[in-house]
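No experiment lies behind these values; they were computed from the predicted model shown.
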Amino acid sequence: MTERTYDADVIIIGGGPAGSALGTLLAMDGYKAIILEKDIHPRDHVGESLTPSTNLMFDRLKVLDKINDGGFIHKPGTGWNAPRSPLWKFVEIWLFEFPIPGGPQPYTYNIERDALDTILIRHAHENGAKVLQGVKVKNVLFEEGRAVGVRAQVTDGWERDLYAKVVVDASGRRAFLANQLKMKKKDRSFNQFCIYSWFENVTEPPKRYEGFTLFYFLGLNQGWTWHIPLRQGRTSLGVVVDKEDFQKSGKSHEEFFYSLVQRNRTFTEAMKNAERVRPWWIEGDYSYKVDKFAGPGWLLIGDALRFVDPIFSSGVDVALFSALYAYETISGVLTGGDEAKAFGEYQMRLETGVDYWYELISMFYKLQNLLTRWATSPRRREQIIRTLQGNPYIPETQTRARILLDAMQDSYHKALADPGNLLRPWAIDPEKVDLPRCPSCLGVVDYLASEEMYVCRKCGARRDAAPAEGFLEPIRSTT
């Protein structure tokens with residue numbers, strides 16, 4: 001390569017948790033890191049519940065005291081209930097019932113992401129990373145197939161090329177580099193729609209559930225609701241459903257939200273005096289995948305490499321641990337290691353961990369009630385809790401998660417094989433029970449007579465076999 005003067009060892013696109021964590025780790029180790037953030041913190045961002053695993057990374061970053069000083073709500077556990085469960089009766093998961101090895105405290109947090117992200121980016125600056133806010137990356141620069149820098153634009157339109165030995169995309173769901181290289185693919189198995197806001201005067205659950213993240217199931221096979229207590233008496237409440245359910249409702253966003261409130265007894269009680277204090281946030285078509293996480297001179301971290309669904313609060317877990325492994329990888333390369341080998345190992349490690357999150361989320365959507373069954377089983381309880389604690393990138397977590405997921409998959413297939421099984425997807429949904437379904441994404445299957453082919457509306461899967469052989473038969477016949 002042509003000799004040049006580098007502006008930094010590493011340029012990081014994005015100053016969310018992933019970018020800030022990576023910048024901090026690099027700066028702590030004496031590397032010159034530049035973080036380019038298009039917004040000015042604090043900035044609005046959804047995501048208010050953390051996994052216990054994030055404590056390990058906050059401790060590693062030496063930022064845990066600052067986060068505790070922020071006064072965020074302590075989260076000791078999570079719980080969920082069915083539409084007709086008795087008021088405030090939940091299946092409980094105390095996330096620290098089995099302590100995390102090396103964990104610094106017996107709680108995690110419910111956080112406002114604008115506040116958390118501001119703490120983390122300031123911490124990166126205080127540890128020596130160069131943080132430039134209000135600076136937009138126009139494109140990543142390549143020479144002979146290798147990333148060598150970025151073209152940066154200041155808010156007034158002034159542009160400059162910045163060069164580094166490694167470029168890292170931490171742009172979140174913008175997936176900046178994946179889009180530039182045309183690597184981002186919509187995940188058609190997940191076609192979720194989400195509407196949420198913050199409220200005051202929400203009815204508080206019993207003291208036992210103080211700080212808990214609560215979930216209300218809605219009697220929809222792919223629907224759920226979150227209830228997350230925040231500081232200053234505010235509560236984040238949101239609903240996630242299959243986009244098809246919203247589209248066919250014919251309702252406005254607000255009407256649709258409140259129609260779902262009525263589907264769960266405790267949700268209705270929680271909302272009886274609630275007052276909305278923020279605009280509605282609307283999210284749709286947010287699930288995607290990227291097949292390649294690294295290449296010559298570049299890496300992806302955080303949501304820039306994949307995003308599926310927030311049901312298990314995996315986003316900040318992926319952000320922080322991918323930042324850690326990116327730091328270890330980059331440090332090894334900058335001190336003489338083989339880049340292609342190191343970047344390949346990074347890809348494998350992250351892909352394996354993220355795939356465990358993906359598989360757990362997929363299983364939840366295929367068979368919600370199975371999660372309840374395992375959570376209340378003394379034999380499976382530790383496996384469930386350990387898996388929900390996060391950090392599925394280390395062998396011991398993966399081994400435990402593999403045992404659990406294989407058992408759940410086996411139960412799922414047994415339910416599918418029995419048309420009368422009430423655990424079977426859509427078994428209690430009168431609007432969808434009579435339609436054949438795709439076993440992968442649970443989308444509706446149509447028969448195209450002109451092609452003599454069965455096709456899933458949702459993921460596009462095609463079979464030339466009868467539904468009983470390739471798809472799920474209706475649970476009861478419509479004839």
Legend entry - Side-chain donor-acceptor pair present, Asn81, Thr266, cut-off under 3.5 Å: yes
Legend entry - salt bridge (charged side-chain N to carboxylate O under 4.0 Å, His left out) between Glu92 and Arg208, worked out: CA-CA 10 Å; Glu92 304 172 8; Arg208 175 180 181 82; 2.7 Å; yes
Legend entry - Glu48/Arg113 ion pair, N-O < 4.0 Å: no
Inset, instruction - Go through the side-chain N and O atoms of Tyr288 and Asp303 and say whether any donor and acceptor fall under 3.5 Å apart. - result: no
Inset, instruction - Return the set of residues passing salt bridge (charged side-chain N to carboxylate O under 4.0 Å, His left out) with Asp355 (not counting sequence neighbours), or none when no residue passes. - result: Arg306
Legend entry - Ring-face cation of Arg349 near Tyr325 (centre distance under 6.0 Å, axis angle within 45°): yes
Inset, instruction - Inspect the contact between Arg402 and Glu359 and indicate whether a charged nitrogen and a carboxylate oxygen are less than 4.0 angstrom apart. - result: yes
Inset, instruction - Indicate yes or no: does Glu97 engage Arg381 in a salt bridge with an N to O separation below 4.0 Å. - result: yes
Inset, instruction - Report yes or no: is the cationic atom of Arg173 (NZ for Lys, CZ for Arg) closer than 6.0 Å to the six-membered ring centre of Phe307, at no more than 45° off its axis? - result: yes
Inset, instruction - Please confirm whether Arg278 makes a cation-pi placement over Trp198, using NZ or CZ under 6.0 Å from the six-membered ring centre and within 45° of the ring normal. - result: yes
Inset, instruction - For atom NZ of Lys66, decide whether the heavy atoms of other residues, nucleotides or ligands shown that lie under 6.0 angstrom number more than 12. - result: yes
Legend entry - Donor-acceptor pair between Asp187 and Tyr358 side chains, under 3.5 angstrom: yes
Inset, instruction - Mind checking salt bridge (charged side-chain N to carboxylate O under 4.0 Å, His left out) for Lys185 and listing every partner two or more places apart, or none if nothing turns up? - result: Asp291
Legend entry - Residues in side chain to side chain donor-acceptor pair (under 3.5 Å) contact with Gln383, at least two apart in sequence or another chain: Arg380
Inset, instruction - Determine yes or no for a side-chain-to-main-chain donor-acceptor pair under 3.5 angstrom, with Asp44 supplying the side chain and Asp114 the backbone. - result: no
